[in-house]
Each structure stands twice: as structure tokens, then as C-alpha cells.
Participant: 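Just dropping this structure here.
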There are 2 protein chains.
Amino acid sequence: MPLPQTEVPGRLQAELMSRGLRMTHQRRTILSVVETAKQHLDASQILRQARRLDPGIDRVTVYRTLGLLKRHGLIDELDLMHMQGEKHFYERRPQRDHIHMACLRCGKIAEFESDLFDRLKGQIQRECRFHIVVSRLEVGGYCAECRASN
Amino acid sequence: MPLPQTEVPGRLQAELMSRGLRMTHQRRTILSVVETAKQHLDASQILRQARRLDPGIDRVTVYRTLGLLKRHGLIDELDLMHMQGEKHFYERRPQRDHIHMACLRCGKIAEFESDLFDRLKGQIQRECRFHIVVSRLEVGGYCAECRASN
DNA sequence: TAATCTATTGCAACTGGGTTTCAACTTACG
DNA sequence: CGTAAGTTGAAACCCAGTTGCAATAGATTA
Ligand SMILES: [Mn+2]
Ligand SMILES: [Mn+2]
Ligand SMILES: [Zn+2]
Ligand SMILES: [Zn+2]
């Protein structure tokens with residue numbers, strides 16, 4: 001049993017169950033990893049974390065579960081400017097979208113919420129008559145520390 | 001000789017030459033393909049087009065040239081929501097950044113320039129003290145036609 | 001609780017976009 | 001020209017992600 005039964009189901013798990021999807025041990029484990037992540041994780045990091053809870057989990061199950069969560073709009077997929085390889089990163093979809101800033105020197109990722117961003121998405125929906133399902137704004141550049149220290 | 005000598009060098013080629021880079025036949029050919037593209041092209045499309053002008057060109061040269069153009073900030077790399085595979089798309093960096101909208105039903109890509117987008121980038125630079133080198137805003141959703149016809 | 005039905009899993013093989021290596025070849029420059 | 005450093009093509013390679021399929025395990029029903 002990977003998770004103690006006392007574990008509260010978590011929002012992701014509750015959301016998937018309410019949509020009538022089967023809840024397996026593997027899914028519960030992967031969901032808990034995604035849900036409690038403190039940073040953006042790629043698929044292999046999610047696999048490693050999941051295996052600490054349930055060593056038998058296969059990477060194909062991680063990919064399939066990430067695909068499921070994506071299709072249901074429960075997580076967002078990020079590129080983070082593909083600074084090291086072509087891998088993708090994941091995070092729980094937040095209540096309010098945010099912008100990702102990737103420092104090209106130190107690699108740090110910062111997040112930023114902005115009313116202007118919300119207004120811009122509103123403008124796109126209105127003026128382009130385009131119904132937005134998912135949006136991703138990523139910028140690459142240099143953070144304050146790196147600009148100062150060089 | 002892939003291109004007629006009467007061909008005006010083109011902005012990309014002029015830019016690279018002004019930075020002291022060697023101008024080879026292959027580079028000239030690939031630059032002309034990127035420069036005259038009417039839509040966003042992926043690496044294999046660029047290779048196919050380039051081979052029509054210079055059949056000996058290898059795909060590794062396309063990747064190397066795209067890397068060069070990226071490093072010099074002369075082209076932008078797009079994901080276009082990775083709607084079919086993990087490939088990337090390229091376009092000449094425009095004077096003014098634009099947003100890409102990808103319809104998840106018909107696959108059409110639309111572009112949109114917005115003053116709000118420019119202001120948002122200004123806000124990021126000021127409030128986050130982050131110097132933006134490259135920015136990418138992509139949204140996925142449903143275009144007007146697809147919303148109407150279903 | 002057991003039977004059933006169907007979705008999900010793990011394994012292994014595969015795909016495809018992109019990279020590395022290196023000898024041969026160009027390019028730019030004096 | 002002759003030279004030296006940068007660039008190329010070919011082949012092998014890498015690695016994130018996918019596919020096919022038989023075995024397994026949720027959910028539902030009796
Ligand atoms: Mn990508
Ligand atoms: Mn564009
Ligand atoms: Zn930094
Ligand atoms: Zn459409």
C-alpha cells in the first residue's frame with residue numbers, strides 16, 4: 001500500500017474520481033507526487049519520486065497518467081525554454097494562470113501573476129473570437145541577481 | 001550554385017555576415033528558405049525545401065544552422081502546443097512580438113499582435129527586474145469557425 | 001462475496017526529433 | 001595562390017515519449 005489510508009484523497013484524485021475514472025494504486029501515487037511537488041518536475045523526476053512510494057511503477061504509467069491529467073485540464077505542461085534537453089515540466093493547474101521566467105544564466109525559474117496577463121487573454125478571446133483552453137507565457141532572459149553579478 | 005547571384009543577400013544573411021560568420025552555400029540556402037517561408041516550418045520541412053535548392057544538404061546542417069540563428073536571436077522557436085509530436089517550428093524574429101493561437105480542433109495557427117502584450121512584457125522587466133531576451137505566448141483553444149461548426 | 005467485464009498496467013520493442021563524432025572539405029584572408 | 005580555422009555530411013548515437021500486447025486489477029452486478 002503506497003499511501004496510508006489516512007491520507008486525504010487530494011484535489012487531483014477527487015477531481016478524477018468525480019469524472020468517473022478508475023482510481024488505481026499507481027494513479028494515486030503519481031497524483032500525490034504531482035500534488036505535493038514544491039517545484040516543476042519533469043516526467044523522470046515524477047517517476048523517481050513515485051517509485052519511492054511504489055517501486056513497481058513503470059515510466060509508461062507516468063506518461064499515461066500525465067496525458068490523462070493534461071486531457072482533463074488538471075495540469076499544465078511547460079517547456080521552461082528547453083534549457084536542458086527537450087523534456088517537459090508539469091505543475092498543477094493553478095486557480096489563476098501565471099507567467100514563467102527562466103534565467104538563461106543561472107537556470108532559475110520565477111513565476112509572476114499579472115492583471116495585464118488576464119486582460120490580454122480576455123482581449124484575445126474577444127477580438128480574435130478564440131476560446132482559450134490553455135495558455136502558456138514563458139520568457140527567457142536574465143534575472144536581477146545575474147545581471148548584478150556580471 | 002543553389003541561388004542565382006542576382007539574389008539580394010537577404011536580411012538574415014546580411015545579419016550573420018555582419019557578425020563575422022562564414023557564409024557557406026548551405027547556410028545561404030537554409031537562410032533563404034527560412035526567410036521566404038509563408039508559414040511556420042519545422043526542421044524537416046526546412047530540410048525538404050532546402051534540398052530542392054541544394055540536394056546534397058544534410059539534416060544535421062539544418063539543425064546546426066537553426067541553432068546558430070537561435071543563438072543570435074534571429075529566429076524564434078515555437079512549440080505550437082505540440083499538437084502533433086514533439087517537433088518545433090521556426091520563424092524569423094519579427095520587429096514586434098506576436099501571440100500564437102493554435103486551434104485544438106482544426107489545427108490552424110493564428111497570430112495576434114497586442115499592445116497589452118507589449119505592456120505586459122514591460123511590466124515583467126520593471127517589476128521582476130528581469131531582462132527579457134525571448135518571449136513566447138502560445139494559447140490553445142477553439143477558433144471561431146470550429147466553435148460555430150460544432 | 002464471487003463472477004464478470006473492461007480499463008489499466010508493465011514489459012519490450014519501437015519511433016522520431018535532435019546530437020555527437022570525425023575525417024574531408026570550404027571559406028576567408030593575407 | 002597557400003594557409004588555418006570553421007563547416008560539412010555520413011553514420012552512429014541519444015533519449016523523451018509512444019505503441020502493441022498479454023496479464024492484471026478496478027468497478028459493477030448478482
Ligand atoms: Mn517543447
Ligand atoms: Mn508567427
Ligand atoms: Zn539568473
Ligand atoms: Zn479551428
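Sequence lines set the chain letters: A, B, ... in the order given, protein chains first and strands last, and positions in each chain run from 1.
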Participant: Just to confirm, is there a sub-4.0 Å distance from OP1 or OP2 of D:dG17 to any side-chain nitrogen or oxygen of B:H82?
Facilitator: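 False: B:H82 side-chain N/O out of range (4.0 Å or more) of D:dG17 OP1/OP2.
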Participant: Quick one: do the A:Q49 and A:R52 side chains pair a donor with an acceptor below 3.5 Å?
Facilitator: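 There is such a pair between these side chains.
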Participant: Mapping A:K70 and B:T65 to their closest nucleotides on DNA chain D, which lands nearer the 5' end?
Facilitator: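 That would be B:T65.
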Participant: Under 4.0 Å between a side-chain N or O of A:H88 and OP1 or OP2 of D:dA16?
Facilitator: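 For D:dA16, OP1/OP2 do not have a side-chain N/O of A:H88 under 4.0 Å.
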Participant: Measure from CG on A:L68 to P on D:dG26 and round the result to the nearest Å.
Facilitator: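 In whole Å, D:dG26 P lies 16 Å from A:L68 CG.
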Participant: Please give, in whole Å, the distance from C:dA7 C1' to A:M17 CE?
Facilitator: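 Taking atom C1' of C:dA7 as the reference, CE of A:M17 is at 15 Å.
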Participant: Pairing donors with acceptors under 3.5 angstrom, does anything connect the side chains of A:E86 and B:H88?
Facilitator: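 Yes.
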Participant: Measure the distance from NZ on A:K87 to P on C:dG17 and round it to the nearest whole Å.
Facilitator: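 The distance from NZ of A:K87 to P of C:dG17 comes to 20 Å, rounded to the nearest Å.
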Participant: So, does A:T24 get its side chain near the phosphate of C:dT9, meaning an N or O under 4.0 Å from OP1 or OP2?
Facilitator: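 Yes, because at least one side-chain N or O of A:T24 sits under 4.0 Å from OP1 or OP2 of C:dT9.
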Participant: For the side chain of A:D58, counting heavy atoms from C-beta on, which of C:dG17, C:dG10, D:dG9 is nearest?
Facilitator: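 Closest nucleotide to the A:D58 side chain: C:dG10.
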Participant: Just the rounded figure in Å: distance from P of C:dA28 to CG of B:L16.
Facilitator: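 About 12 Å, once rounded to whole Å.
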Participant: Looking at B:S44, I'd like to know whether one of its side-chain N or O atoms comes within less than 4.0 Å of OP1 or OP2 on C:dG16.
Facilitator: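 It does not, given that no N or O in the side chain of B:S44 lies less than 4.0 Å from OP1 or OP2 of C:dG16.
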Participant: When we call it a touch if two heavy atoms are under 4.0 Å apart, what does B:G85 touch: a base, just sugar-phosphate, or nothing?
Facilitator: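 No contact.
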Participant: Does the side chain of B:Q45 pick up a donor-acceptor pair with the side chain of B:H40 at under 3.5 Å?
Facilitator: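 Per modelled atom types, B:Q45 and B:H40 side chains form no pair under 3.5 Å.
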Participant: Side chains of B:E138 and B:H82 only: does a donor on one sit below 3.5 Å from an acceptor on the other?
Facilitator: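 Not at all, the side chains of B:E138 and B:H82 share no donor-acceptor pair under 3.5 Å.
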Participant: Grab the NE2-C1' distance between B:H25 and D:dT7 for me, whole Å please.
Facilitator: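 That distance rounds to 12 Å.
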Participant: Judged by modelled atom types alone, do A:R119 and A:S114 share a side-chain donor-acceptor pair under 3.5 Å?
Facilitator: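 Result is no, nothing qualifies.
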Participant: With the side chain of A:Y90 defined as its heavy atoms from C-beta on, choose the nearest nucleotide among C:dC11, C:dT19, D:dG17.
Facilitator: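 My answer, after comparing the listed nucleotides, is D:dG17.
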Participant: Indicate, yes or no, whether a donor-acceptor pair under 3.5 Å links the base of C:dT6 to the side chain of A:R22.
Facilitator: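 Such a pair is found, so the answer is yes.
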Participant: If you compare every side-chain N and O of A:T61 against the phosphate oxygens of C:dG10 (OP1, OP2), does one of them come in below 4.0 Å?
Facilitator: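 For A:T61, the contact criterion (side-chain N or O under 4.0 Å from OP1 or OP2 of C:dG10) is met.
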Participant: Mark yes or no for a side-chain to base donor-acceptor pair under 3.5 Å between B:R59 and D:dG9, with no hydrogen or angle criteria applied.
Facilitator: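 Absent.
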Participant: Please give, in whole Å, the distance from D:dG17 P to A:Q45 CD?
Facilitator: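 From A:Q45 CD to D:dG17 P: 11 Å.
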Participant: If you measure from CD1 on B:I57 to CZ on B:R27, what distance do you get to the nearest 0.5 Å?
Facilitator: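 So the CD1 of B:I57 and the CZ of B:R27 are separated by 11.5 Å.
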Participant: Need one value for B:R27: base, sugar-phosphate or nothing, where a base atom within 4.0 Å counts as base even if backbone is also close, heavy atoms only.
Facilitator: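 The residue B:R27 makes sugar-phosphate contact but no base contact.
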Participant: Just how far, in rounded Å, is P of C:dG16 from CD of B:Q84?
Facilitator: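 Atom CD in B:Q84 sits about 12 Å away from atom P in C:dG16.
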Participant: If only side-chain N and O atoms of A:Q26 are considered, is one of them under 4.0 Å from the OP1 or OP2 phosphate oxygen of C:dG10?
Facilitator: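 So the side-chain polar atoms of A:Q26 do come within 4.0 Å of the phosphate oxygens OP1 or OP2 of C:dG10, strictly under.
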Participant: What integer distance in Å separates B:L69:CG from D:dT7:P?
Facilitator: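 Interatomic distance, CG of B:L69 to P of D:dT7: 12 Å.
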Participant: Hey, which of these two, B:M23 or B:E86, hits DNA chain C nearer its 5' end, going by closest nucleotide?
Facilitator: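 Closest to the 5' end, via its nearest nucleotide, is B:E86.
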Participant: For C:dG18, does OP1 or OP2 lie under 4.0 Å from any side-chain N or O of B:Y63?
Facilitator: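 Looking at the OP1 and OP2 atoms of C:dG18, one of them is under 4.0 Å from a side-chain N or O of B:Y63.
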Participant: Of the candidate nucleotides C:dT8, C:dT19, D:dA16, which contains the atom at the shortest distance from the side chain of B:V60?
Facilitator: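 Of the candidates, C:dT19 comes closest.
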